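Down below is the structure, laid out as structure tokens.
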Amino acid sequence: MQKHEDFFHNVFEVVRLIPKGRATSYGAIAKYLGSARSSRMVGWAMNASHSQKQYVPAHRVVNRNGELTGKNHFPTPFIMEELLEKEGIKVLNDKIVNFNKFYWDPMKELEL
DNA sequence: TGGGTGACCATAG
DNA sequence: ACTATGGCCACCC
């Protein structure tokens, strides 16, 4: 009960650090947090992000291929794409164009 | 106790 | 580009 809440909190914290106009992957966050827990849990955390008081830019988290696999978990399926486009990230066929150009790796950017 | 399910990932073919 | 596996671990029967 309490254990996973800590994990969730850490995930939310990292996601909040993602700059506007950038994006990262579930696996990158899991790895940054120690990889003791799988990237599936990051997705699980995103599932709970809607009930957070603080704003969590979940739309900046995609899978390793830059695909918007979480779009169906937003209020409407097109919100995620809209938010990304609004930040200057182009999306085509539910996939970020030039993902590596926008990729934000917490391991490197947060330099730990 | 155990099986099924994920907003995943790496690897192999 | 695709499928198939195995690993991952919290959650829900």
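Chain A is the first sequence line, chain B the second, and so forth, proteins listed ahead of strands; every chain is numbered from 1. As the structure is a prediction and not an experimental result, all values here were calculated from the model.
- Two different hydrophobic clusters hold A:Tyr103 and A:Val97 under the rule that ILVMFWY side chains link at heavy-atom gaps under 4.5 Å.
- Cluster membership check: A:Val15 does not share its hydrophobic cluster with A:Phe102, using side-chain heavy-atom separations under 4.5 Å among Ile, Leu, Val, Met, Phe, Trp and Tyr.
- A heavy atom lying under 4.0 Å from DNA chain B marks the following residues of residues 73-88 of chain A, by number: A:His73, A:Phe74.
- For the pair A:Asn93 CG and C:dC2 P, the interatomic distance rounds to 11 Å; values are reported in whole Å.
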Enumerate, atom names and distances included, each donor-acceptor pair closer than 3.5 Å involving a side-chain atom of residues 75-93 of chain A, sequence neighbours excluded.
residue, atom, partner, partner atom, Å
A:Glu85, OE2, A:Val91, N, 3.0
A:Glu87, OE1, A:Gly21, N, 3.0
A:Glu87, OE1, A:Arg60, NE, 3.0
A:Glu87, OE2, A:His59, NE2, 3.0
A:Glu87, OE2, A:Arg60, NE, 3.3
A:Glu87, OE2, A:Arg60, NH2, 2.8

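- A:Val14 is not connected to A:Val62 by any chain of hydrophobic side-chain contacts under 4.5 Å among Ile, Leu, Val, Met, Phe, Trp and Tyr, and they are in different clusters.
- Proximity of a side-chain donor or acceptor of A:Asn65 to a complementary backbone N or O of A:Glu67 within less than 3.5 Å is not detected.
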- For A:Asp105 and A:Thr24, run side-chain contact (heavy atoms from CB on, under 4.5 Å): C-alpha distance rounded to whole Å, both residues' side-chain angles, the deciding distance at 0.1 Å, then the answer. CA-CA 6 Å; A:Asp105 187 354; A:Thr24 190; 5.6 Å; no
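- Counting any heavy atom pair closer than 4.0 Å across all strands shown, A:Ala45 reaches no nucleic acid atom.
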Every protein N/O lying under 3.5 Å from an N/O of nucleotides 9-13 of chain B:
residue, atom, partner, partner atom, Å
B:dC9, OP1, A:Gly27, N, 3.0
B:dC9, OP1, A:Arg64, N, 3.4
B:dC9, OP2, A:Arg64, N, 2.9

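- The nucleotide whose nearest atom lies closest to any side-chain atom of A:Ser49 is, among C:dC11, B:dA7, C:dC8, B:dA7.
- Distance A:Asn47 CG to B:dG6 P: 11 Å, rounded to the nearest Å.
- The CG atom of A:Leu110 sits 4.0 Å away from atom CH2 of A:Trp104, with the distance rounded to the nearest 0.5 Å.
- The minimum heavy-atom distance linking A:Ala30 with A:Ser39 is given by the pair CB-CA, 3.7 Å.
- If you take CG of A:Leu33 and C1' of C:dA10, they are 15 Å apart, rounded to a whole angstrom.
- Rounding to whole angstrom units, CG of residue A:Asn72 and C1' of B:dG6 are separated by 13 Å.
- Across B:dA7, C:dC11, B:dG6, the shortest atom-to-atom separation from the side chain of A:Met41 is found for B:dG6.
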